[in-house]
Amino acid sequence: MGGSQAGFDLVVDGRAVTVDDARATLLDVVREQARIRSVKDGCSPQGQCGCCTVLVDGQARVACVTPARRVRGRRITTLDGLDPDIRDRWTRAFADAGASQCGFCTPGIICRFAALDAAGTDHGDRNAAARALAAHLCRCTGWQPILDAWCAYPDTGPNPEPSQKADRSPADRRAAIEGRSPQATGPHVAAGRGGFADDTAPAGALVAVPAVDGSGWVTGATVAEARAAAGGGVGRRATAVWEPPLAPPPGHWNVTLSTSWVEPGYLETDAAWCEPGGEPASPLGNGGAFGGKQNSPVAVAARKLAEEHQRPVRALWSRPDAAALGPKRPPVGAGVRADGTGVVRVARTPGIAEVIKGYAPGLEVEEVDVAGPPTSCAVRGAGWVEAAVLLAAARGAVGPVAVVAPAGGRAEATVNPNGSLAVSVRAGQPLDETVLRSYCTGAAHMALSWVTNESLSVDEAGTVHDLTVRSFGILGASAMPPVEVTVVADDAEPVNGSDAVFAAVAAAVWIDRGLPPAWPTG
Ligand code: FES
Ligand code: FES
């Protein structure tokens with residue numbers, strides 16, 4: 001931040017912070033200057049994810065679009081500055097309800113709920129809580145556990161002594177199986193301390209961001225300085241009409257389907273940091289965004305730049321960077337017959353043909369070169385889920401749709417006449433039912449959102465035009481129907497269950513909607 005006006009003080013969590021730049025946002029001051037890492041940056045300066053929410057005189061405010069100078073003399077409180085008893089009750093309510101998976105969205109949501117609670121809102125009023133979440137996004141939980149946490153607060157009992165705290169290792173193991181990368185569970189995750197790479201970067205590290213013209217990485221002393229040098233903007237939402245890029249192949253089919261580019265849409269954008277000669281912090285902590293960050297280039301960049309500059313370097317993607325550069329779910333255009341034979345045309349993606357044919361040997365796979373963003377097989381269930389959905393629809397499944405995932409997890413899903421979803425899952429030993437249910441609810445949300453509402457606008461040259469987090473189409477809290485999850489326990493080795501739920505719900509929703517030939521169905 002280059003100074004352009006005399007400094008002024010902001011008091012954050014009772015501590016004075018001197019602001020030297022009149023253009024600084026409240027997020028710049030709280031996260032970058034005061035280094036309060038529970039306040040997250042999921043989309044700044046778009047103001048669309050809610051992860052940076054703090055309290056200003058007790059009112060929830062989105063910090064990334066709040067100029068710091070506008071809140072001079074006001075009382076600014078982050079999650080860290082809440083009364084410790086209140087903060088502990090909230091973080092335990094979230095942990096007990098399975099309402100915090102990666103935990104990136106949670107501190108902002110807790111600030112929102114703390115304001116709602118202070119205003120005297122009834123904790124039996126789920127709709128009021130859902131409406132209050134309109135300014136927030138959560139990609140992991142499917143919202144329902146968050147509303148459960150609202151209803152459970154403040155009945156969380158006295159704070160247990162550390163020695164009495166339950167062993168969380170079964171819950172952590174279940175979370176890692178469902179998230180497909182190391183994940184912790186518990187109140188510290190709800191407090192935003194799950195271990196995101198950018199939160200642990202040392203003070204004074206150089207900040208590196210991708211140049212908008214694609215020429216490589218640009219560095220600066222601060223995030224604001226690096227982004228200004230990179231030439232980035234806020235990112236737009238496209239106004240062009242969305243078109244799925246691949247038509248089904250010609251033929252006589254029982255069902256056809258065309259899907260679009262789909263953004264994994266994880267809220268914690270890619271980040272890593274490294275010291276000269278050191279190992280980079282993993283961009284996968286806490287959770288790998290359901291495969292979306294599996295091959296993120298930020299760790300390699302942080303290591304290389306730390307060597308070059310001989311000082312610690314944070315490598316960071318902004319929201320538009322993640323939208324433009326990150327891997328997408330490959331679009332398909334497919335036709336399938338009732339006997340399970342057919343053709344799947346799919347955007348060329350390393351490994352995708354093997355995945356589809358391994359799951360559905362009766363399907364031919366045609367990989368097609370389509371101008372567009374990178375795609376990846378690592379994105380949740382890419383390829384086999386589309387095959388499972390097509391096979392279920394083509395054979396005319398009625399009643400609950402059953403899916404067995406390649407890893408062995410089994411799920412059944414039903415769309416009830418009132419639009420609510422019923423899911424059952426069998427994934428070996430549950431280890432922790434709350435955690436397993438939370439991942440299954442989140443998978444149901446991701447599937448419903450994908451089938452009905454998610455796509456990216458990509459032009460014929462392959463450029464992504466939807467660069468804001470709201471333009472991906474992720475369903476908000478008020479749009480999410482109830483999900484009833486039944487866990488069928490057995491003694492087998494635990495396996496991933498939520499990916500099977502993701503596939504079963506996607507199929508059940510598509511069948512319930514009458515099999516429109518293109519997604520999102522609206
Ligand atoms: S970071 Fe401020 S709303 Fe997303
Ligand atoms: S727990 Fe909400 S985004 Fe991960």
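Whatever order the structure lists them in is the order used to number ligands and atoms, beginning at 1. None of these values were measured; they are calculated from a predicted model.
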To 10°, measure the SG(C52)-atom 2 (Fe) of ligand 1-SG(C64) angle for me.
-> 110°
Decide yes or no for Y439 and T141: does some side-chain heavy atom of the first lie under 4.5 Å from some side-chain heavy atom of the second?
-> no
G42 neighbourhood, listing ligand 1 atoms whose heavy-atom distance to it stays under 4.0 Å | 1 (S)
Quick one: which ligand 1 atoms are inside 4.0 Å of a heavy atom on S44?
-> 1 (S)
Please identify which atoms of ligand 1 are closer than 4.0 Å to at least one heavy atom of C43.
-> 1 (S), 3 (S), 4 (Fe)
Atom 1 (S) of ligand 2 [closest protein heavy-atom partner, distance rounded to 0.1 Å] = Q101 N, 3.3 Å
Which atoms of ligand 1 are found less than 4.0 Å from any heavy atom of C49?
-> 1 (S), 3 (S), 4 (Fe)
With a cut-off of under 6.0 Å to the ring centre and 45° to the axis, is R139 in cation-pi contact with Y266?
-> no
Under 4.0 Å from a heavy atom of G103: give me the atoms of ligand 2 that qualify, with their elements.
-> 1 (S), 4 (Fe)
Would you kindly specify which portion of Q48 sits under 4.0 Å from ligand 1, judged on non-hydrogen atoms: side chain, backbone, both or neither?
-> backbone
Atoms of ligand 1 under 4.0 Å from any heavy atom of V62, numbered from 1 in the order shown, are 2 (Fe), 3 (S)
Row for atom 2 (Fe) of ligand 2: angle SG (C138) to SG (C105), 10° precision, value 100°
Among protein heavy atoms, which sits nearest to atom 3 (S) of ligand 2, and what does the distance come to when rounded to 0.1 Å?
-> R139 N, 3.4 Å
What are the two closest heavy atoms between Q144 and T441, and how far apart are they?
-> CB-CG2, 3.7 Å
May I ask you to check if K40 and F196 form a cation-pi contact, with NZ or CZ under 6.0 angstrom from the six-membered ring centre and within 45° of the axis?
-> no
With W273 as reference, evaluate T200, V313, D198 under the side-chain contact (heavy atoms from CB on, under 4.5 Å) test and give the passing residue.
-> T200
When E263, E454, E386 are each screened for side-chain hydrogen bond (donor to acceptor under 3.5 Å, both in side chains) with R329, the one that passes is E386
Is the count of non-hydrogen atoms from other residues, nucleotides or ligands lying under 6.0 Å from E433 atom CD greater than 12?
-> yes
Would you indicate whether E484, at its atom CD, is surrounded by more than 12 heavy atoms from other residues, nucleotides or ligands within a distance under 6.0 Å?
-> no
